[in-house]
Structures are given as C-alpha cells and as structure tokens.
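Chain identifiers are assigned alphabetically (A, B, ...) following the order of the sequence lines, protein sequences preceding nucleic acid strands; residue numbering begins at 1 within each chain.
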Amino acid sequence: MQTWTVPTLNKRQSRKRYWSFFWRSYAIQASWNYEGQMNLGFLYGIAPVIDRIYGDGTPASLEAKKDAYRRHLAFYNCTPQTSSFVLGVASSMEEEYARNPTSFDPNSINAVKSSLMGPLSGVGDSFFQGTIKVLAFGLGVNFARKGSILGPILAVLISFVPAFLVTYYGGKLGYTAGNKFLTKLTKAGIMDRAMYLVTIVGLMVIGSMIASMIGITTPIHMGKAFSLQKTLDTIFPQMIPLAFTFVMYWLLQKKVTTGWILVICIVSGLVLSPLGIFK
Amino acid sequence: MQTWTVPTLNKRQSRKRYWSFFWRSYAIQASWNYEGQMNLGFLYGIAPVIDRIYGDGTPASLEAKKDAYRRHLAFYNCTPQTSSFVLGVASSMEEEYARNPTSFDPNSINAVKSSLMGPLSGVGDSFFQGTIKVLAFGLGVNFARKGSILGPILAVLISFVPAFLVTYYGGKLGYTAGNKFLTKLTKAGIMDRAMYLVTIVGLMVIGSMIASMIGITTPIHMGKAFSLQKTLDTIFPQMIPLAFTFVMYWLLQKKVTTGWILVICIVSGLVLSPLGIFK
Amino acid sequence: MQTWTVPTLNKRQSRKRYWSFFWRSYAIQASWNYEGQMNLGFLYGIAPVIDRIYGDGTPASLEAKKDAYRRHLAFYNCTPQTSSFVLGVASSMEEEYARNPTSFDPNSINAVKSSLMGPLSGVGDSFFQGTIKVLAFGLGVNFARKGSILGPILAVLISFVPAFLVTYYGGKLGYTAGNKFLTKLTKAGIMDRAMYLVTIVGLMVIGSMIASMIGITTPIHMGKAFSLQKTLDTIFPQMIPLAFTFVMYWLLQKKVTTGWILVICIVSGLVLSPLGIFK
Amino acid sequence: MLVKAILLGLVGVLGNLDSRFLGRTNLEQPLVMGAFVGLVLGDLTKGLIVGASLELVFMGMANIGAAAPPDLVLGSVIATSFAILSHTNAQTALTIALPVAILGQMIGIVLRMFMSTFNRWAAADIDAGKFAKARRLHILWGLLLNVSMYFILIFLSIYFGTGVVKVVVKAIPTWLTNALTLASKILPAFGFALLMQTMLTKKTVVYLLIGFFITAYGNLSVIAVAIFAVLLVLVLNEILPKKNVATTTEQNDDDLEEL
Amino acid sequence: MLVKAILLGLVGVLGNLDSRFLGRTNLEQPLVMGAFVGLVLGDLTKGLIVGASLELVFMGMANIGAAAPPDLVLGSVIATSFAILSHTNAQTALTIALPVAILGQMIGIVLRMFMSTFNRWAAADIDAGKFAKARRLHILWGLLLNVSMYFILIFLSIYFGTGVVKVVVKAIPTWLTNALTLASKILPAFGFALLMQTMLTKKTVVYLLIGFFITAYGNLSVIAVAIFAVLLVLVLNEILPKKNVATTTEQNDDDLEEL
Amino acid sequence: MLVKAILLGLVGVLGNLDSRFLGRTNLEQPLVMGAFVGLVLGDLTKGLIVGASLELVFMGMANIGAAAPPDLVLGSVIATSFAILSHTNAQTALTIALPVAILGQMIGIVLRMFMSTFNRWAAADIDAGKFAKARRLHILWGLLLNVSMYFILIFLSIYFGTGVVKVVVKAIPTWLTNALTLASKILPAFGFALLMQTMLTKKTVVYLLIGFFITAYGNLSVIAVAIFAVLLVLVLNEILPKKNVATTTEQNDDDLEEL
Ligand SMILES: OC[C@H]1O[C@H](O)[C@@H](O)[C@@H](O)[C@@H]1O
Ligand SMILES: OC[C@H]1O[C@H](O)[C@@H](O)[C@@H](O)[C@@H]1O
Ligand SMILES: OC[C@H]1O[C@H](O)[C@@H](O)[C@@H](O)[C@@H]1O
C-alpha cells in the first residue's frame, strides 16, 4: 500500500488550522439531519486536512481521498463547542493513517469519534447550556428588566468567552495531543492493540447511546391489565430501539442502498405510528 | 471409557422425537414438587432419548443409563411451553456425551439447563401468561358476557396456537441447533473450553435465582428501633437465602442422605416459623 | 537486603500478644484525629510486634523499625472491636516481611488494612451499635424505668460479652490465620501475585470510601434554575471529593510536607466555606 | 346431587390437568371452568357470565416460580356452582368459595412438599435399574395425586356444602400455615444446592457469587444476569489462557469441601 | 409592514444562524431576540422587558441530542413583535406566538428529515470526485434551507398575521405530527447502524451489547458508560494476550452477517 | 457544689473513656451515665429514670465514620444533673443541656482537628528514633486532651450554671461552625491521599477509579465494593498472565506523577 508524507505544519499553518477547526465547529450544525446528525458538518470540518494530505492529484491519492471523505459521512453528534477537539484528534489520526496505511486501521478513527462524542456532549451540554447560559442570562435578565441594553450584551459576552476558549484551544489540544499520543503508540509498536481497545470503548458508548437516545416505545395495551411495553421491559428495557438498530444494520449488511433505507425509515414512521404500533 | 454410537434419526424418527418433546413438555408439571420442582418431569421428558442411547442392555450401558437418569433428577423449573427447547438442547448434549464420554463433561448438561431455565421462564411466563393469556381472555370475556359460548372457545384457541408453535418448534430447534453447535465445537476442539464457559453462565444464573427466588427473611425485631432484617440488609441483601443454600450444600458435601435433608427442610420450617426466627 | 529471624511465640507469649491486641484495640480511639483517624491507635497497637522484630539494636534494625513505624501512620479507621483482627493480620504480615524483605512488598500491608477496614466497619458498626446496643439497652431501659439498678448493669454486661469475644478471638484469629495463609502463599511462590491482587482490593475499597465518606458538596446555585452540584452530578456524582483527594495526592507527589498540607486543609475549610464555594 | 358433585369434580380435574398434563392451554381459567360448570348444571349462560366476571378479576394473575396463591381452579368451579345453584352473583359466590380455595392452597402446599419424597424413590428406583418405575412416579402417581385432591375437594364441598369446608379451614391454625409456607421456601434452597453440587468447584464458586451479588445488590432480574453472564463469558473466552481450562473437567471433584 | 416583516425575518435568521453558523453564542435566546425586535420596532425597552420575561421561562431549557421542542427563536421573535405591536404583555403574546413555534417545530422536523437525503447526494458527489460540491451541501444548501425556513415563517406571520398560521396548524392532523416524530426517532437508529458498520465484528459485538445493557438495565448515562469503558479497556490492556489482537484489523470484514 | 461538680466531671470522664480507652462497652450511653449521675447526686432512682428516657431517644443513633453529632455524653450527664438538681423531667432538662452538647461537638471538632498535628510530631519522633515518645502521643496525650475537655466542660457548666455556656454558644458564629465542618471533611481526603500514596501506580490507579465509580454511580456501599473487589480479583487471578505481575513490586515508584 502506498504511504503519504504529511509535512508537519509550521507555526503560521498551525494557527490557520486551529482557526479552521474553530470556525468549522461553529458551523457544524448547518446541515443537521436526523440520519447522520452533524456528520456533514464534521466532514466539512475535517475536509481541509484531508485535502492537504491527498492533494497531489495522483489516482492513488484520489481514491484515498474519496475513502477519507466517505469515512466521515458516519453518524456524528456532539456539542458544537467541544467538536473542535474531536476534529483535532481525528485530524491527527487521519495524518497518522496516511503515513502508515498498513498498520493503522482507519475504522478506529470513527471509533474514537464515537467514544468522544457521547461524553463530550454530556459534559459540553451541561457546561454551556446548563451552567454558562444560565449564569449569563440570569445576570442579563436582571439588567434587561430595568430596561438596560447591557443585559443582552453582557449575556452574549459571558456566553462567548468560555465558548471561544474551549473551541479554539480544544481544537489545538486535540490535534497536538493526538499527534503526540499516536507517535508514542507507533514507537511502542502497540498501535494495533490501541486501536482494538479504542474500538471497544467506541462500541460501548454507541451501545449506551442506542439505549438512551432513541426512545421508541410501543403503545400497544389492553385495558389496564396489559401493556406490551411493560411486558417487554420485564425482559429488557429499550428492546425496541435495539431491534430497530439491528434491523437497520441487517439491511446495510444485505447491501440495501442507504437511500432505500432512508425511505424505509420515514415510511415506517408514517405507517407504524398511525397503526398504533410504535410511538 | 466406552463410547456409544448414536445412529442419527431418520425423518420419521425425528418427527416422533419432536412430538415426544412436545407432549412431555405439556405434562412436565405432573409431579411438581418443592425440592426439584419440575425435575421428574424433565427426566420423564428426556427418558426416551436416554433409553435409545443406552438401550443395548450391556452392563456398561446400564451403568451409563443410570448415571444419565440420575443426572436429570437435578432441580429444574421453567415455563412448560419453553421447556421443550431445553429438552431438545439437553438431548443433543446427551447424545454428544455418549459419543465422546472422555472429552465431554456431563455436568455441563445441567449447567446448560440452568442457564436456560431462568431466562426462558422470564420470557416464557411474560409471553404466555402476561401477553397471550390476557389478550385471549380479554377477547373471550367480551363474548362470554353476552352469553356466547364463543368466548371460552376463542380464548382457548388463541391460547393454544402460539403455545403449540413454540412448544413443538422449540423442541425441534433446540435439538437441531444443539447438534449443529456441538459438532462445530467438537471439530474446533474447544469443547472443554465451551463447557467451562457454559458452567460459568449456569452458576451465575443459579446465583441470581438464589437471590431472587427463595425470599426467606427474619421477622426478629425490637420495637421500631431495631429490625434484624434491615441490619442484615445493610451488610448484604438476601443473606438468609444464601446461607440456607450453603447449609444445604454443606449437608450434601457431608454425605447426609437427601432423604434426611428433606426431613430437615420440612422440620426446620415447622420449627423456625413458630419460633419467629424466619418467615 | 538483610533478613530477620522472627522466633515463633510460645504459648504464654502468644496469650500475652492476644491480650495486647485486645487492650490496644480497646484504646484505639484515644487520639482519633481527622487526618489519620485511628492511625496512631493502630501504630500503638502494632508497636509491640514491631519492637520485638527489630529489637536487636543494630543500625539496620533501627532503620527497618523506623520504616515499620512510619508505615502504620497511614490512614486507618475501623470499628474498635473488629480492629484487633486487623492488628492480628497486619502483625503476621509484618513478621513475614521481616523474614523475606526482598520478595514481600510492605505496601501490601496497608493494602490489606484498607481492604479490611471498610467492610469490617460496616459489619462491626451494624453489629455492635445497630444490633447489640439496641438489644442490650432496650432490655436495660425496661428495668431502669422501674428504678432497678439492674438496668444499666445488664445493659453493660450484654454489651460487653460479645465485644469481648469478638475482640479477643478476632485478634487471635487474624494473627494465626494470617500466618498460615502467608506461609501457604510463600510455599506456593505466588506471594507477588497475591500482593498485587490484595492491592487491587485495597484500592477499590479506598475508591469506594472516597465516594461515600467525604461528602463535600458545593452550594453554588442561581435561583431555582441552576444548581452547580446538580450539574456536576450529571457528569459524575462525588466529583468534588475525588478532586480534593487527587489535589492532596498531587501535593504529596510534589513533596509538599504533610504539615503544610494539613495547614492547607484547615485553611481551605475556613476560607472556602464562608465564600460559599463548598460545604 | 351425587351426580352433579361427581361431574363438577371431573370439571375440576380437567382444570387441574390443564397445567399438569395439557401444557397450560388455559382450560383452567375461570372463563372456561365457568362454561363447563354451566354446561354440567344446565345453565350455560349463567356459567359464562359468572366465569367472565371471575376472569376479569383474575386475568392479571400469573403463576411464576414456586409461589402458591389461593387456588383458582377450585375457587372458580365452586363459585360458579354456587352462583348457579343458589342464584347469587359472581362476587358473593366467590366469597363463599374462598374457604375452598384457601384449603386447596394449603393442601396443595402439603402435596407438593410430600411429592418431594418422589425424588428419593426415583433415585432408589434408578439405582435398582427400575427405570419405568421411576418414570411412573411422575406420569402416573404425580398426576393421580394432583387429580384426586381436586376431585375429592370439589366433590365434598358440593356434596356436603361449603359449611364443612369452612369449619375445617377455621381449624387450621395460622402458625401452621406460616410454617408450611416457610418450609416451602426452604425446599427450593435444597433444590439449588443439589443443582450446584454438579457444577461447583473451588474455582467456579466465584461466578455463583457474582450472579448472586448482582441480583442481591443491584436488583437485576435473572434474565439480566443471564444476559450479562453470556456477555462476560464471551469476553472471558477471548481472554482466558488456553491451557488453563483443559484441566477443569478433572478438577471437578476438588469441590468446596476442602475450603 | 412589509419592511418590518422583512427586518423581523432577518432577526429570526440571525437567531437561527446562531446555532447553525455561529457556534451557539446564545444570540438565539429570547433576551437577545427580544432586544433586536425592540430595536427594529423602535421600542427597545419593551423588547428587553418582554425578552427578559420569556428568558426566565425558557432559560432552563436545553437542546440535547435529537429532541425537537417547540421552536424558541420563532416563538420569541413573534411573541415580542406582537407584544410591542398590539401592546400586550409577554405571556399573552407567547400564547399567540405558540402556533408559529409549533408550526416551526413541525417544519423543522420535516426539514431535518429531508436533509438526511444530503447524505446520499454527498456520497454520490464523493464517488464522482466532486468534493467541493459535497462540502457545499453542508455549508451552502444546509444553511440556506434553515435560514429560508425561518425567514419565510416569520415574514408570513407578521405580514399576514398569526391568524393564518393558526389555521394551518389546526389543519395538521395529530397523527401526522406523531408519525413525523416516530420517523425522526427511527432515523438515528439508522445513523447508529451506519456507524456500527465500520466497527462491528463477530468479536466486538459483545462490547456494543455490554454498553447497551449497562444503560438499559442500570440507567447509567452515556458519560458513565464511557468512563467504565475506559476503565474496562485499561484492565483488558493488562490482561489481553498479546498475540490475540494483531489479527483484528484483517478480520474486520468477517462481520456479523455470518452469524 | 464544688465537690459535686468535680464528681460529675469524673462521671463525664468515664463516659468519654468508654470510647477512647474501654473499647466502647457502652458506658457512655445515657442510661449508664444517668445511673452514675444519680449515684453522685444521691438520687439513683431519678437518675435511672431520666437516663432511661434519654436512652430511648438516642438508642438508635450510631457513631459511624467521621461524622460529629451533638455530644451525647455531655448531653446526658448535664441533662440528668439538672433534672435532679432542679426537679424537672428528662425532656426539659435535655433542652437545657443542649447548648453544652453543641459546644462539646464544636470543641470536639477543633480538638480532633488539632490532634491531626500529632501525625507530624509522631513522624518527627520516629525519624529521631524516639519510638516511645511517638507512642505516648497516642496513649498519653491523646487521652489527656480528650479527658480534660470533658472534665472542664462539665465542671464549668455545673459550677457556673449552663447560662454561661449558652452565652458562649451564642457567640460562636454560624459561618465558623460551617467552616470547621468543611475543614473536618477535607482532612479525610488528605488521609486517603496519604494512604493511596503507598499503593498507587500508573497501573493500579484504574482499580481505585473502578471502586470510586461503582459507589459514585451505583450507590453501592463500601461492603458491596469490597465483596465485588474480592470476586473480581479471584477472576483476575485466573486470567492474569503469570509473568505480568512479577515486576510490580519494583515498579511501585513509577507512580502517577509521570502522567
Ligand atoms: O416460572 C416458571 C414456572 O414456574 C413454575 O413451574 C410454575 O409456576 C409455572 O407456571 C411457571 O411457568
Ligand atoms: O447533545 C449534543 C448536541 O446534540 C444536538 O446536536 C443538538 O441538540 C446540540 O444542541 C447538542 O449540543
Ligand atoms: O465506622 C467505623 C468507626 O468510625 C469512627 O472511628 C467512629 O465513628 C467509630 O465509632 C466507628 O466504629
């Protein structure tokens, strides 16, 4: 397999890259959609990195570039402000992969993204929306009530500063720490093992998200005596979301095109809800 | 150690066997008793399989047959309709054991039964008694109230069909899947390992059943200030059922005959309850 | 490294030692303090054992003795009556260590103490304070109400007898069982492994104690809309106690003297509480 | 009355056979029992209606594990009979039938306790090579005992009236009821011990305890533990050193006793 | 009115851009929206006061995951406008604005559902090597769709009055709302499946299930599972046989299908 | 009064010694304290009766870990004395005794905080080879401090009346009480850190965290964690590669700092 040389960034280039992480994290929700959520935003965010790696125009590069673009179409969802960190880490991994395409499993990039997005959303949402926002606007409201324009201005400023710091330095940290850590792993010759372990974390987090973020239930019941959902719950809770996910997975394995699956998803919703089967 | 050749069943014989699983699952509660619960029923269910394997009348066969019969005296309890599946699996294991008595640990047969009976009861009871029965009789009552004999008839029919399907095809599935899986394990030479792992599952399930299905507590207390049960619970809940089980186990290890232990059980109940020690 | 010969105790000496465990467990709370809790009491309890081992007055012995004394300055807290058991076990480990200073990791002594103190406190407190005390004084109150001096006398006697038995025989059991077990491990040549596993148990118990026995929270909030503690809890509960512990640990790693850390602890309390940051 | 009592006894037998012989096809439910009683007593409509009322009350009840609730079959057969014979409604009839249901519950406990001795007899038969005899304990004597109990109870209640039953039930002291209940809880502990005997070794006892403590502390159901056990074993399969296991089978007899 | 409607539409666009383009700097909050509306309509004070009242109501609300609550930006822009234009207070105005917020929520769902097709188009563009076109789907068309929706909705509500909106909202049958909600829950399942595809093998599916069951049975949050996953992996790292892993990469295509 | 005050002080000393020197034989309980006070003041019966009433109130209370409840010994000695001296009943007397109990609680916190310095002194003594001096810190000075505090407090309260105590208690500001409480919570964190120091390495920190998170997320008690830890270790023992461990002892100093 061909390898690529990824020249390291000089200071100016580094700064440019961190700003790019910053702005593209800011815009990461521009095409938020139910299937992939912020995936296109993530692709958009990492695109400059990929373009730089595979920019020499050779056919091999083109194929590798296509693969990389495709890779980042995978489901992604995370608090915008903490996404730049993920962009940073994923970028360092993309570069490492380009350098060692044989020993580096590119699937681990998505595994890392999945491991990070769950916890970073939890921490990020509760920090920015649960803490900062409430503090900022709690203060702002007090001013505004007295008719002072300072209210909204202060609130936005207080909202902005921590968000700025986390987003900018998060991206930087993700990229540099990622690089450092990956170099260490490569030198120690335990990249394979590390990627395997990362996949485990990723999958556990995805499993947990299936159990907590889909929430499809069934309203089927018979009077008060019988509720299908309750009966299912005695076997195991969140059985329906798991089933839906595995049905989708199975369709994918059966090489059903994603376009069709998309149609199936929407049509199922439009049919199964009025029939009173799921809600 | 002697091995036995277990000729495979032809089509007619197979069908006969599945029907036998079916009927004997139906009758599995005929001698339900507190000690072994459905154990005699299970023995009765698997007896034809054992008789066929060790039917040549040689002394070695006789001894092996006795061992097999004894084996299935072990505690067994499971929703009747899902028991045929367990019968099927256990039968395939008995045959496998007869073929390879050296490499196959017969204790794993009971481990498998234990692993299956807990979950299959959970699923089975909630399906048949929690879902089907309520649906069938919910409908039936509506008819019956208007005086229509269709009420009970429909209710029984609706009860019967899924029970029939699960019981008949469950037995078939258990037997064929068991056979297939065991052949695979033997070929891969990992039977030992598999049996060890199966034992682990079995024991974990038994442990869980001890904690959830015995439920002996102590009523000892002093006013409102002190309840022995609460104090024990702060150490660990379900301590008394665990203690009882290990006392029984210890008696068995001390070679106390089971007849005596049975007497001990009943007499303990008759003495410890009026004394206000356990309830 | 030098080894020491620890002559085994004759019968009279043994009895004397067990009585020493007994009395010194009784007095173990004499210098109860927030930092080490019963540590000085434990040191006092095990001192005779250490003195006997390293009593020959050579410089090497002196150093080893200092190390041993220092070792038992570590945090210790446990129900007094069950402490003699811990004293017994630790004593047998001290002797084993003196015999094989190369192959025996002395840190495992504190690991064992930590593993034991949590559970023995749970069981001990609920037995002596939750059960015996309530029974004894429940009875005593009935007599006393009628003006009978028997009330307090009986109550103290009933309190004393089980405490005496547990404390005296606990110490004996800890010492003899410890000896026996350690000899077995040494013979089997798996001392290293055993000590590693013991450390794991110790650390898990300490982790659990951090989460349940410190209990520092933050009162910071904004109206009803926002409570910092609740927000932190959505990330993980007991975050503040964990943070405090690791800050202390970090100070220790930075070689800050414990005297200073003690001052830091108290001053932090005096400053952070009025500021409304922690409570 | 004799004929009616016999016929009603047979209806009860059918109800009992439902769970003992017919795979619990729900013939034992009040609705079906009521219909049969109605047929026997010549008032199908009333049988259906009373059965339906009782059904509504008891539909939610399930037989799970070793618990012994008041006996439903006895209750509904007797209640429906009395409703028809004495022209009362379902609820009143049920109150009258309750003593029988309770008596049935008590006798049922004793019966199932007694049948624990079958295990001894079966073991002896097997030792002696009398396999058919061992099997008959289940399919012949087990059934017979169950069936007789139902027949006799219903027959007597109908023939002599429930008054007699009431007297008998009142004569059973509460302590005895409680004592029997405790005994019926201890017996499964014995069953589990017997089961463990075939699997427990010094090395595997830890898994029994893991399963126990997960449920004891975490309140997880048996199904949950089974699921986690399978997942654990799949992980262990990847981890366990290959050699380690081969010797397990032989070690099986170094059981816990040595501890 | 035309100018005002346009300007207010632009305020709404700004509110929308906040979370779509400006990293959620909280410009979308009622307090800020209110201030802008006040500026546009020439009554800053009232705008601030209405904004502040709305803020107090909604401050605690957070956007987490894929949930779709009534649309706040629409709600506060319209509510503040009406409060100023028709001299009512914040709460009354909010009731009037509610239909718009609900309509916005519904259209939003459909929009985000529709944008799922972008994934297909992006994939096609990538296959064809048209990378820029793929990127534009996100940064151009995604933005445009979002922004237009807000502009149009606010413009129409202001220009024609909320009466029209009310009629439209009433015309949407509940079953459709529910159906859309269900569909919007099924789509993430698809997203997860896509994601799993890159990682799941026969060997690793067990970890997916461990994560699932920990949350399903134990109600632990995703953060908790992530923490335990890292701890588990650190333990596994110590335990896993060294060889065992090297082959993983190649095995990745023997995925679950064979099961 | 002087003699009585001294004698009552000695009763309090006995109560304190109970948990500090006599292995908590429950001499400190109100019932016993009451009896002694009764003896000293010449009204044993009243002492018993008041002691019994207080006992009923406090019997359920347990001293667990580092928590510092209002001081029971002080409370019951003073309460019983006042009940006898001023002919009131137990409950009234307790209210009067409460300030003393609270003052005792506060001084107790300061005392136990102060005694944390003993650790420094003990360390210094050990370094200097003065082992007996180190031991005396515990058995002599520790006891002495505890005992004096009790004696002085009771003596003063009886001799000067509780009025003075009340004034003192009122003079302590709440913020100081709270601050002391916080400080007394921080100190154990230090204790744990000291303890961890001897065991924590890069490799083992994961187990500390496992224990922590099990309790933090799952609310399991320390006992439960200890049980699961032992079970885990038994499983690990079977799994861990044999080599892996031998090197642990030497690695102990590559502690977390390097992280
Ligand atoms: O719970 C499984 C099983 O337990 C017992 O055998 C009976 O109560 C059955 O009705 C039930 O299906
Ligand atoms: O929960 C993470 C993330 O999920 C979605 O993308 C949106 O709801 C964001 O507001 C949120 O931050
Ligand atoms: O909890 C163990 C132990 O903790 C502290 O040392 C005191 O509160 C004792 O009374 C208690 O027994």
Side-chain angles (χ1 to χ4, degrees), chain A residues 26-27 29-31 33-36 40 44 47 66 69 74-75 80 105 107 110-111 118-119 122 125 129 137 140-141 144-145 147 152 159-160 192-193 196-197 199-201 203-205 207-208 210-214 216 236-238 244-245 248-249 252-253 259 262 265-266 269-270 273-274, chain E residues 19-21 23-26 31-32 35 45 48 52 55 59 62 64-65 112-113 115-116 118-120 126 135 138-139 142-143 175 178-179 182-199 204 207-208 211-212 215-216 222-223 225-226 229 233 245-246 248-249 257:
Chain A
Y26 260 39
Q29 299 206 76
S31 64
N33 64 86
Y34 280 115
E35 181 187 325
L40 295 170
Y44 178 71
K66 284 182 184 175
Y69 264 72
F75 182 96
D105 176 6
N107 290 326
N110 276 332
D125 286 347
Q129 302 195 63
F137 282 81
V141 160
R145 272 174 154 177
S159 301
F160 177 72
D192 267 357
R193 194 180 183 79
Y196 181 63
L197 297 177
T199 306
I200 290 178
V201 176
L203 285 171
M204 282 182 68
V205 170
S208 171
I210 294 172
S212 61
M213 285 170 50
I214 298 182
I216 303 172
F236 64 86
Q238 305 297 341
F244 264 96
T245 309
M248 298 300 156
Y249 184 80
L252 285 169
Q253 295 303 107
L262 187 64
C265 286
I266 297 177
L270 292 174
S273 163
Chain E
S19 66
R20 303 292 148 200
F21 193 61
R24 221 170 35 191
T25 310
N26 291 336
L31 181 62
V32 186
T45 316
L48 283 170
E55 187 66 55
M59 203 161 60
I64 289 172
R112 291 193 286 278
M113 221 176 257
M115 283 200 284
S116 295
F118 280 21
N119 294 305
R120 236 66 49 224
I126 294 170
R135 291 196 303 267
H138 172 71
I139 201 64
L143 271 190
W175 72 260
N178 293 340
L182 177 59
S184 78
K185 283 179 182 174
I186 298 179
L187 282 165
F190 178 30
F192 289 130
L194 278 166
L195 191 57
M196 280 152 54
Q197 221 189 354
T198 62
M199 297 178 230
T204 55
Y207 298 102
L208 180 90
F212 173 84
T215 296
V222 174
I223 302 185
V225 171
V233 151
V245 172
T248 321
T249 328
E257 197 169 359

Report the distance from atom [atom1] of [X] to atom [atom2] of [Y], rounding to the nearest 0.5 Å.
| X | Y | atom1 | atom2 | result |
| --- | --- | --- | --- | --- |
| A/Ile216 | E/Leu182 | CD1 | CG | 5.5 Å |
| A/Asn33 | E/Ser184 | CG | OG | 12.0 Å |
| E/Met199 | A/Leu203 | CE | CG | 5.5 Å |
| E/Tyr207 | A/Thr199 | OH | OG1 | 11.0 Å |

Once side chain to side chain contact (heavy atoms under 4.5 Å, CB included) is applied, do any residues pair with E/Ala229, and if so which ones, sequence neighbours excluded?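 E/Ala229 satisfies side chain to side chain contact (heavy atoms under 4.5 Å, CB included) with A/Val201, A/Met204 once adjacent residues are dropped.
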A/Ala27: which residues meet the side chain to side chain contact (heavy atoms under 4.5 Å, CB included) condition with it, sequence neighbours left out?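 With neighbours one apart ignored, the set is E/Phe21, E/Ile139.
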Is there a donor-acceptor contact under 3.5 Å linking the side chains of A/Tyr69 and E/Arg135?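 On atom types as modelled, these side chains qualify, holding a pair under 3.5 Å.
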Any idea how A/Tyr44 and E/His138 line up, ring-wise: parallel (<30°), tilted (30 to 60°), or perpendicular (>60°)?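 Ring orientation of A/Tyr44 relative to E/His138: tilted.
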Under 3.5 Å donor-acceptor, E/Arg112 side chain and A/Tyr34 backbone: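 Side chain of E/Arg112 to backbone of A/Tyr34: no pair is present.
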Show the nearest heavy-atom pair for residues [X] and [Y], with the distance to one decimal.
| X | Y | result |
| --- | --- | --- |
| E/Ala179 | A/Leu270 | CB-CD2, 3.7 Å |
| E/Leu195 | A/Phe75 | CD1-O, 3.7 Å |
| E/Arg20 | A/Gln29 | NH1-O, 2.9 Å |
| A/Asp125 | E/Ile64 | OD2-CG1, 3.6 Å |
| A/Val141 | E/Leu31 | N-CD2, 4.0 Å |
| E/Ser116 | A/Glu35 | OG-N, 3.2 Å |

List the steps and the verdict of side chain to side chain contact (heavy atoms under 4.5 Å, CB included) for E/Met196 and A/Met248. CA-CA 10 Å; E/Met196 280 152 54; A/Met248 298 300 156; over 6 Å; no
Between E/Asn26 and A/Phe160, is the side chain to side chain contact (heavy atoms under 4.5 Å, CB included) condition met? List the steps. CA-CA 8 Å; E/Asn26 291 336; A/Phe160 177 72; over 6 Å; no
Greatest number of heavy atom pairs closer than 4.5 Å to chain E - which of [options]:
| options | result |
| --- | --- |
| A/Ser273, A/Gly269, A/Ala211, A/Ser208 | A/Ser208 |
| A/Gly147, A/Ser159, A/Pro274 | A/Ser159 |
| A/Cys265, A/Gly118, A/Ala74, A/Pro119 | A/Cys265 |
| A/Ala47, A/Gly207, A/Ala144 | A/Gly207 |

Check whether any side-chain heavy atom of [X] sits under 4.5 Å from a side-chain heavy atom of [Y], and report yes or no.
| X | Y | result |
| --- | --- | --- |
| A/Leu262 | E/Leu187 | yes |
| A/Phe244 | E/Ile186 | yes |
| A/Ile266 | E/Met113 | yes |

Heavy-atom cut-off 4.5 Å, strictly under: side chain, backbone, both or neither for A/Asn110 against chain E?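 A/Asn110 touches chain E through backbone and side-chain heavy atoms alike.
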Tell me, side chain or backbone of E/Ala226 under 4.5 Å from chain A's heavy atoms, or both, or neither?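 Its backbone and side chain both get close to chain A.
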Begin with the C-alpha distance, continue with both residues' side-chain angles, and end with the deciding distance and a verdict on side chain to side chain contact (heavy atoms under 4.5 Å, CB included) for E/Phe192 and A/Met213. CA-CA 10 Å; E/Phe192 289 130; A/Met213 285 170 50; 4.2 Å; yes
So which of E/Leu194, E/Ile223, E/Leu48, E/Asn178 has the largest heavy-atom pair count under 4.5 angstrom toward chain A?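 When all of E/Leu194, E/Ile223, E/Leu48, E/Asn178 are compared, E/Leu48 has the most.
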What residue, out of E/Leu143, E/Thr45, E/Ile126, E/Val32, has the most heavy-atom pairs lying under 4.5 Å from chain A?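 Among the listed options, the one with the most contacts to chain A is E/Ile126.
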For A/Gln238 and E/Thr215: C-alpha separation, side-chain torsions, deciding distance, then whether side chain to side chain contact (heavy atoms under 4.5 Å, CB included) applies. CA-CA 9 Å; A/Gln238 305 297 341; E/Thr215 296; over 6 Å; no
Does E/Arg120 CZ have over 12 foreign heavy atoms under 6.0 Å away?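 It does: E/Arg120 CZ has more than 12 such atoms within range.
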